Chemist: 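Quick one: the structure is below, and I'll ask about it shortly.
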Amino acid sequence: MTELPRRRDVRGEGYPPPPLGFHRPPSDGPAVPRLSQATGWQAVATAPARPPAGPTLRVDWPMCKAHGLCAEVLPEAVRLDEWGYPVVDKGVPLDGETLDAAKRAVQACPTLALRLVQPR
């Protein structure tokens, strides 16, 4: 019986190196794919996510039908993508008037796809 060559023997010297982009940088953070306009996909270290201080908006994607009422009621924290689906800005704190507008946006959603979630 003939023994098959090992994989490294089959690849040979001319085999291209593994693609750049996904690698684990020397840091404590996890390597996650990020899209950069200049270089394409790259794995970068990210800081551990901090729990939100107040309530946050969540979108139930299977329920959402891109009506866009949430962006009309709460333009400070919700914008619409090119297909009309909401994109929630995580950097906007929901407190005071913004929290009241977020509650109105949740109530205005015709498909009940927007929720106000309290932190644990």
Side-chain angles (χ1 to χ4, degrees):
M1 190 183 302
T2 308
E3 185 177 327
L4 295 174
R6 296 193 182 271
R7 184 170 173 82
R8 67 172 180 240
D9 297 333
V10 173
R11 287 174 36 168
E13 291 294 321
Y15 193 76
L20 297 176
F22 281 94
H23 65 283
R24 182 173 287 283
S27 74
D28 294 335
V32 294
R34 289 281 176 97
L35 183 60
S36 168
Q37 289 180 344
T39 60
W41 283 100
Q42 287 186 342
V44 295
T46 58
R50 294 182 186 163
T56 58
L57 282 173
R58 296 279 169 93
V59 178
D60 183 2
W61 295 112
M63 295 286 294
C64 183
K65 301 301 179 209
H67 292 182
L69 293 176
C70 52
E72 290 181 20
V73 176
L74 187 61
E76 302 89 13
V78 179
R79 65 177 176 82
L80 300 178
D81 66 4
E82 60 266 17
W83 297 286
Y85 287 94
V87 177
V88 178
D89 185 9
K90 304 281 187 205
V92 176
L94 297 178
D95 55 355
E97 288 183 22
T98 311
L99 182 59
D100 294 337
K103 289 178 183 177
R104 286 194 306 272
V106 168
Q107 292 173 352
C109 182
T111 60
L112 304 177
L114 194 64
R115 298 188 314 227
L116 199 57
V117 179
Q118 298 293 333
R120 295 182 188 198

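As the structure is a prediction and not an experimental result, all values here were calculated from the model.
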Chemist: List, by chain and then residue number, the residues other than Leu69 in its hydrophobic cluster (Ile/Leu/Val/Met/Phe/Trp/Tyr, side-chain heavy atoms under 4.5 Å); write none if there are no others.
Modeler: none
Chemist: Check Pro62 against Asp60 and note the closest heavy-atom contact, atom names and distance.
Modeler: CD-OD1, 3.1 Å
Chemist: Over all heavy atoms of both residues, which pair between Cys64 and Pro86 is shortest? Give the atoms and the distance, please.
Modeler: SG-CD, 3.5 Å
Chemist: Apart from Leu80 itself, which Ile, Leu, Val, Met, Phe, Trp or Tyr residues share its cluster (side-chain heavy atoms under 4.5 Å, direct or through members)?
Modeler: none
Chemist: My understanding is that a hydrophobic cluster links ILVMFWY residues whose side chain heavy atoms are under 4.5 Å apart, including indirect links. Using that, what else belongs to the cluster containing Met63?
Modeler: none
Chemist: Listed by chain and number, what are the side-chain contact (heavy atoms from CB on, under 4.5 Å) partners of Arg79, not counting sequence neighbours?
Modeler: Val87
Chemist: If you count the non-hydrogen atoms of other residues, nucleotides and ligands that lie under 6.0 Å from CD in Gln118, is the total more than 12?
Modeler: yes
Chemist: Which other residues belong to the hydrophobic cluster containing Leu74, where Ile, Leu, Val, Met, Phe, Trp and Tyr are joined when side-chain heavy atoms lie under 4.5 Å apart, directly or via other members?
Modeler: Leu57, Val59, Trp61, Val78, Trp83, Tyr85, Val88, Leu94, Leu99, Val106, Leu114, Leu116
